[in-house]
Protein chains: 2
Amino acid sequence: MTQLFAQPAELRRAIRSGAFTGNTSGQAPGFVQCNLAILSKDWAADFLQFCQKNPKPCPLIAMSDEPGNPLMSAAGENLDIRTDLPRYRIWREGKLVEEVADVSDHWRDDLVTFLIGCSFSFEEALLADGLEIRNLSEGKNVPMFNTNLACQPAGRFSGNLVVSMRPFVPSDAIRMIQICSRFPSVHGAPVHFGDPAAIGIADVNAPDYGDAVTLKAGEVPVFTACGVTPQAAIMQAKPPFCITHSPGCMLVTDIPNAKLAIF
Amino acid sequence: MTQLFAQPAELRRAIRSGAFTGNTSGQAPGFVQCNLAILSKDWAADFLQFCQKNPKPCPLIAMSDEPGNPLMSAAGENLDIRTDLPRYRIWREGKLVEEVADVSDHWRDDLVTFLIGCSFSFEEALLADGLEIRNLSEGKNVPMFNTNLACQPAGRFSGNLVVSMRPFVPSDAIRMIQICSRFPSVHGAPVHFGDPAAIGIADVNAPDYGDAVTLKAGEVPVFTACGVTPQAAIMQAKPPFCITHSPGCMLVTDIPNAKLAIF
């Protein structure tokens, strides 16, 4: 059985020492977990602009103070981005080449870190309100889909929006929209509900990423911008070098989820 | 052509003098207009509880300071509820018996006034955001429907929710939900969208009140709690005496719509 860490700093220490190597889902409840993207300085300005132009799929929680600095004080005390995630992916020219538990050997003076909000934060707020989140109740990964909705391009980055899908009856969908609207830095309000074909999804039971979940009678699928979007844009742009987190192995920050609520 | 009054107090003066006798729609833009219900003291406590238990259809903007007082200082300077609406309806035992331009002759020391929020306020906020409101663009009354959603009963008052319907594409519906959530005292967020049958509506093109509006391909009907609900509950309870506004002839208050926004 996986040990549950209450404090993000304790979890990061266990990850850094190699004592914790698993998925971060459910760890340090109440604290923001982030998607990670690390690019070289000459690609970072374009990527930053891509995030700025596409805040729903790419909500930027924090970025490096300066290139090469691996300490992310905005996200956590004594937080070293090279060692504090359980698992990383190394990409070259848009291709996955390696998975590692530590990127110290890959670190360079020109690397810029981007921390992007993740749906764990708003799912916690939905659960607190008593809503059922189907992917959690069925013990699955959230279903994610490529869409025909184009992101705003920025420099070498472009691509279509990727969305996650959660089913709700309409009255719960309305409540879900209200709650998620309070959290713009973790994807905010959904972008679509109802007819999947209207945003280019052929089969709501055949996700492009993650697992299919049950859609019950009377429920509508609700589609939210997803943090896979920036990863897909990076893979499409094929930068010579890039580091991301491995799926499910997020950066756990010291930022309380409640701090992200705008009202 | 109807004169447009910018200031509520000027409009109420013109109404009181008999110079203005029309519909208040579009008058005094930016100011709250209210549904009116006046009941005798021995029915008022039950009705107040009905409003308290059903805040979405019956959002109370103001009520009498004490029975018999026709001045509503909470709603406007020098506002006399007996003379300041263009047209009133007099009801006895739940039946409409008379329409009048002034209720001074009907006034009694035991009458209690209730002012209930109206959709004009949130429609203004939706228009300001650039959303199209179909009933306005088609120059029709908003379509309204009886539903199978029971209100919380209170004393002698009970009944089902009445809803208004506005069509939107899903992305606009999401924005509409965000905007209306800011205005709980004018019905707030919708209660349902999509399948009309799910809330007991047999035909979305055959409203029980108001006019049908066009539902275009790709749009979903969005249903909002409606101020006809308390009127329907009053008619069903059959109090010996009751005064309401005539449809479209609302009380125009000095309260700015912006004041109703909760964030």
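All values below come from the heavy atoms of this structure, side chains included, with hydrogens, waters and symmetry mates left out.
Heavy-atom neighbours of chain A within the stretch residues 185-203 of chain B, taken at a separation under 4.5 angstrom, comprise B/A189, B/P190, B/V191, B/H192, B/F193.
Sparse packing is recorded around NZ of B/K259, with 12 or fewer heavy atoms of other residues, nucleotides or ligands lying under 6.0 Å away.
Here B/C249 pairs with B/P86, B/R87, B/S246 under the side-chain contact (heavy atoms from CB on, under 4.5 Å) rule; sequence neighbours left out.
By number of non-hydrogen pairs under 4.5 angstrom with chain A, the leading residue of B/I177, B/V220, B/V169 is B/I177.
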